[in-house]
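Letters go in sequence order (proteins before strands), and every chain restarts at 1.
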There are 2 protein chains.
Amino acid sequence: MKNAVRIVVAAAVVVSALPAMAQFQKPEDAVKYRQASFTVMAAHFGRIGAMVQGKVPFDAKAAQDNAALVETMSKLPWAGFGADTESVASKAKPEIWKEKAKFDQSGEKLLVAATALNTAAKSGNLDTIKKAFGDTAATCKACHDDFRAK
Amino acid sequence: MKNAVRIVVAAAVVVSALPAMAQFQKPEDAVKYRQASFTVMAAHFGRIGAMVQGKVPFDAKAAQDNAALVETMSKLPWAGFGADTESVASKAKPEIWKEKAKFDQSGEKLLVAATALNTAAKSGNLDTIKKAFGDTAATCKACHDDFRAK
C-alpha cells in the first residue's frame with residue numbers, strides 16, 4: 001500500500017513537472033506533439049495487446065521492450081494540453097480544461113498503470129502482464145470516455 | 001575507438017532487431033507511427049536546441065531528460081519504413097527503398113549520434129552538449145537531404 005501511495009505521488013510529481021519541460025512555438029505544435037505521443041504509445045501498447053489476446057505468440061523480451069516504451073510515452077502527452085490549445089480543432093473535449101483536476105488525475109492514473117505494466121512485463125509472466133494490461137486499458141478507456149470526442 | 005566501434009555495432013543490432021518488434025495492421029499505420037516518432041523526437045531535440053542556441057536558459061536536468069527521450073525515440077521510426085509503405089503518400093523519397101543499405105546506415109548514424117548526445121547531456125557541460133547536438137543535427141540533415149522530399 002505504501003508503495004502504491006509512493007507511485008501515485010511520484011506520478012503526480014512527474015505530471016506536474018513536465019509542462020515546465022515542454023515549450024511549444026504555437027498551440028498547433030502542442031496538439032501535434034500530444035497526438036504523436038499517443039500514437040507511439042498506442043502502437044506499443046497494441047503489441048502487448050496482441051500477445052495478451054493470443055494473436056501473436058508471447059515473446060517476453062518484446063513485451064518488456066514495448067512496456068518500457070509505453071511507460072516512457074505515458075508521461076509525455078500531458079504537456080500538450082495547455083490552455084492555449086483548447087481552440088485548436090481535435091478530439092479533445094472542452095471538459096479537459098473545464099475539469100482540469102479530474103483530467104490531470106486521469107493522466108496520473110495512466111502513469112501509475114503504465115508503470116505497473118512495465119513492472120509486470122519484467123516478470124515475464126503472461127498472466128501477470130494480462131492483468132496489468134487490462135488495468136492500463138481500463139484507464140485509457142475511462143479517460144477517452146470522459147475527455148475524447150468519438 | 002574500440003568504444004565507437006562497439007556503439008556502431010550495437011546500433012546496427014538495434015536497428016535490424018526492431019522491425020521484428022513492430023507489426024502494423026496496414027501500411028498507413030506504419031507511416032503514421034514513423035511520423036509520430038519523428039514528431040516526438042524533434043520536439044525534444046528542439047528543446048535541447050533552444051538551450052544550445054541560448055534561446056532559453058541552460059537547465060542541465062531538462063537537457064538530460066530531453067536527450068534521454070531523443071535517444072529512445074531515435075530507435076523507433078525505422079520499423080515504419082517497410083517495403084509496403086513505399087506507395088503511401090508522404091515525404092519519404094523512393095530512394096529509401098532503392099538505396100536501402102544507405103538508408104539503414106543513415107538511421108544507424110542517428111542512433112550513434114543520439115546515444116552520444118545522451119551521454120553528453122549527462123556531463124552537464126553545455127559546450128559538450130553543444131558539440132553533440134551539432135553532430136546529431138548533422139545526421140538529421142544529411143538523411144533529410146537524401147531521403148526526404150522538401
Side-chain angles (χ1 to χ4, degrees), chain A residues 13-15 17-53 55-80 82 85 118 121, chain B residues 13-15 17-53 55-80 82 85 118 121:
Chain A
V13 169
V14 169
V15 167
L18 281 173
M21 230 179 94
Q23 275 128 11
F24 300 101
Q25 299 257 326
K26 37 184 206 300
E28 288 75 13
D29 292 346
V31 172
K32 195 181 165 191
Y33 170 84
R34 76 187 187 214
Q35 289 173 337
S37 317
F38 282 123
T39 295
V40 174
M41 179 161 55
H44 293 282
F45 188 63
R47 285 172 209 160
I48 304 171
M51 291 185 227
V52 160
Q53 291 152 19
K55 288 179 192 166
V56 303
F58 176 55
D59 174 336
K61 173 70 170 65
Q64 277 178 35
D65 291 346
N66 283 304
L69 280 167
V70 169
E71 186 185 352
T72 298
M73 302 311 298
S74 72
K75 299 170 188 165
L76 303 187
W78 319 109
T85 64
N118 194 10
Chain B
V13 169
V14 169
V15 167
L18 281 174
M21 231 179 92
Q23 274 127 12
F24 300 102
Q25 300 256 327
K26 35 185 208 299
E28 288 75 12
D29 292 346
V31 172
K32 194 180 164 191
Y33 170 83
R34 76 187 188 214
Q35 289 172 337
S37 316
F38 281 123
T39 294
V40 174
M41 178 160 57
H44 292 283
F45 188 64
R47 284 173 209 161
I48 303 172
M51 291 185 226
V52 161
Q53 292 151 19
K55 289 179 192 165
V56 304
F58 177 56
D59 174 336
K61 172 71 169 65
Q64 277 178 36
D65 291 346
N66 283 304
L69 280 166
V70 169
E71 185 185 353
T72 298
M73 301 311 297
S74 72
K75 299 170 189 168
L76 304 186
W78 319 110
T85 64
N118 194 10

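- Contact detail for B/Ser37 and A/Val40: the closest heavy-atom pair is N-CG2, 3.7 Å.
- Annotation: B/Gln53, atom CD; neighbour count of heavy atoms from other residues, nucleotides and ligands within 6.0 Å is above 12.
- In this structure, A/Tyr33 and B/Thr39 approach most closely via the heavy-atom pair CA-CG2, 4.2 Å.
- With values rounded to the nearest 0.5 angstrom, A/Leu76 atom CG is found 7.5 Å from B/Met73 atom CE.
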